[in-house]
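Just so you know, these numbers come straight off a predicted model, no measurement behind them. Chain identifiers are assigned alphabetically (A, B, ...) following the order of the sequence lines, protein sequences preceding nucleic acid strands; residue numbering begins at 1 within each chain.
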2 protein chains.
Amino acid sequence: MILSKSCEYGIRAAVYIAYKSSKGLKAGITEISDEIGSPVHFTGKILQQLSRKKVISAIKGPNGGYFIENSANVYLVDIVRAIDGNELFSACVMGLKNCSDLRPCPMHEQIKPVRTQLLIEFSKKSVQELVQDYEQNKYFLK
Amino acid sequence: MILSKSCEYGIRAAVYIAYKSSKGLKAGITEISDEIGSPVHFTGKILQQLSRKKVISAIKGPNGGYFIENSANVYLVDIVRAIDGNELFSACVMGLKNCSDLRPCPMHEQIKPVRTQLLIEFSKKSVQELVQDYEQNKYFLK
DNA sequence: ACAATAACGGATAAAAATATCTTTTATAAT
DNA sequence: ATTATAAAAGATATTTTTATCCGTTATTGT
Ligand code: FES
Ligand code: FES
């Protein structure tokens with residue numbers, strides 16, 4: 001698997017939250033996990049992480065919930081890094097401790113461009129752009 | 001992580017086994033895990049899987065061990081599929097059950113070319129070619 | 001002030017992946 | 001035949017990931 005389950009949920013949640021935010025609404029944990037088809041409490045934990053890292057915003061209490069202020073400036077790579085860290089874009093595909101051009105594994109040269117492309121794709125589109133497509137029913141979140 | 005630990009060990013082991021085979025020698029579990037820096041018994045389990053799936057060959061008893069008959073016809077994708085299955089090349093990056101152009105997630109179009117490239121890179125070079133580079137000390141296995 | 005709401009935080013549980021250990025089976029050499 | 005060797009197979013243990021539960025804290029509306 002390319003991304004951890006936590007990260008999958010995190011991205012899907014973020015898109016949904018930004019979707020709600022684009023309508024001026026906040027989204028609660030229950031609603032979110034319902035819409036993206038994820039376990040409620042586990043999703044809560046993930047949203048906590050994203051909130052702590054300022055990828056999304058949270059407000060407690062009545063009328064509270066999650067929202068994304070600046071979805072135009074939030075890219076999927078930010079979510080991936082907040083949850084899974086940067087290993088996906090840097091770690092050796094064959095598990096060697098120090099992946100580098102100086103100490104490459106047999107797949108190093110082959111995998112380098114893939115990782116770069118992966119980073120580019122996760123960095124390319126902002127959450128806002130994804131939401132626009134989502135609003136046009138181009139995408140599914142569950 | 002792109003590959004599971006099992007798969008990482010599996011690939012590294014296969015390269016080393018093929019390296020030994022190119023010298024007409026067989027490799028034992030202890031030697032292999034020593035050379036690639038992996039836990040002995042766990043490596044044994046992985047080699048069992050590869051053996052059952054005919055990616056590598058095994059012979060029991062004295063002077064037995066693992067070897068690879070046709071390393072020119074074994075590609076890394078075969079090892080990956082034998083251990084991790086095909087999900088890496090087919091599963092939705094955001095965890096949706098049915099990844100397809102008809103029911104895409106927000107990252108579907110972006111990720112498709114990456115997965116294709118990943119498949120190509122894992123399919124491109126045979127284990128034999130990798131061994132040739134390994135013999136020239138171009139690569140490390142631990 | 002009080003009650004209701006909703007995220008936060010810590011503790012716990014279940015499942016999956018990783019790792020180890022032991023016994024069995026096949027093979028080879030003597 | 002007997003013994004030694006090495007992988008296969010099965011059982012068990014540990015660790016990590018995923019998931020759940022519960023009390024706390026912040027905020028809102030009455
Ligand atoms: S050393 Fe393996 S990918 Fe760089
Ligand atoms: S639906 Fe997510 S990658 Fe295809």
Rounded to the nearest Å, what distance is computed from the [atom1] atom of residue [X] to the [atom2] atom of nucleotide [N]?
X     : N      : atom1 : atom2 : value
A:E31 : C:dT5  : CD    : P     : 16 Å
A:E8  : D:dT17 : CD    : P     : 14 Å
A:H41 : C:dA15 : NE2   : P     : 17 Å
B:M1  : D:dT18 : CE    : P     : 11 Å
B:I29 : C:dT22 : CD1   : P     : 16 Å
A:D84 : D:dT18 : CG    : P     : 8 Å
B:Q49 : D:dA7  : CD    : C1'   : 15 Å
B:L47 : D:dA9  : CG    : P     : 13 Å

Check this for me, if you would: do B:E135 and B:K23 make a salt bridge, where the nitrogen-to-carboxylate-oxygen distance has to be below 4.0 angstrom? yes

Note: A:K53-A:D78 ion pair, threshold 4.0 Å (strictly below): no

If you measure only the distance, is there a donor-acceptor pair under 3.5 Å linking the side chains of [X] and [Y]?
X     : Y     : value
B:S33 : B:S38 : no
B:Y19 : B:E35 : no
A:N86 : A:R81 : yes

Using the side-chain heavy atoms of [X], tell me which of these nucleotides is nearest: [options].
X     : options               : value
A:F42 : C:dC8, C:dT18, D:dT20 : D:dT20
A:N63 : C:dC8, D:dG29, D:dC21 : D:dG29
B:K45 : C:dA11, C:dC8, D:dA9  : D:dA9
A:K60 : C:dA6, D:dT5, D:dT28  : C:dA6
A:P39 : D:dA19, C:dG9, C:dC21 : D:dA19
B:S4  : C:dT22, C:dC8, C:dT18 : C:dT18

So does B:Q48 reach the base of D:dA7 with its side chain, donor to acceptor, closer than 3.5 Å? no

Could you say whether B:R52 or A:T43 is positioned toward the 5' end of DNA chain D, judged by the nucleotide with the nearest heavy atom to each? B:R52

Taking for each residue the nucleotide of DNA chain D bearing the nearest heavy atom, is the 5' side occupied by B:A58 or by A:G64? B:A58

Can you tell me if [X] touches the phosphate of [N], counting only side-chain N or O atoms and a distance under 4.0 Å to OP1 or OP2?
X     : N      : value
B:S51 : D:dA7  : no
B:S6  : C:dT18 : yes
B:Y9  : C:dT18 : no

I'd like to know whether CG of B:D101 has more than 12 heavy-atom contacts from other residues, nucleotides or ligands below 6.0 angstrom. yes

So A:I59, base contact, sugar-phosphate only, or nothing? Heavy-atom distance under 4.0 Å. sugar-phosphate

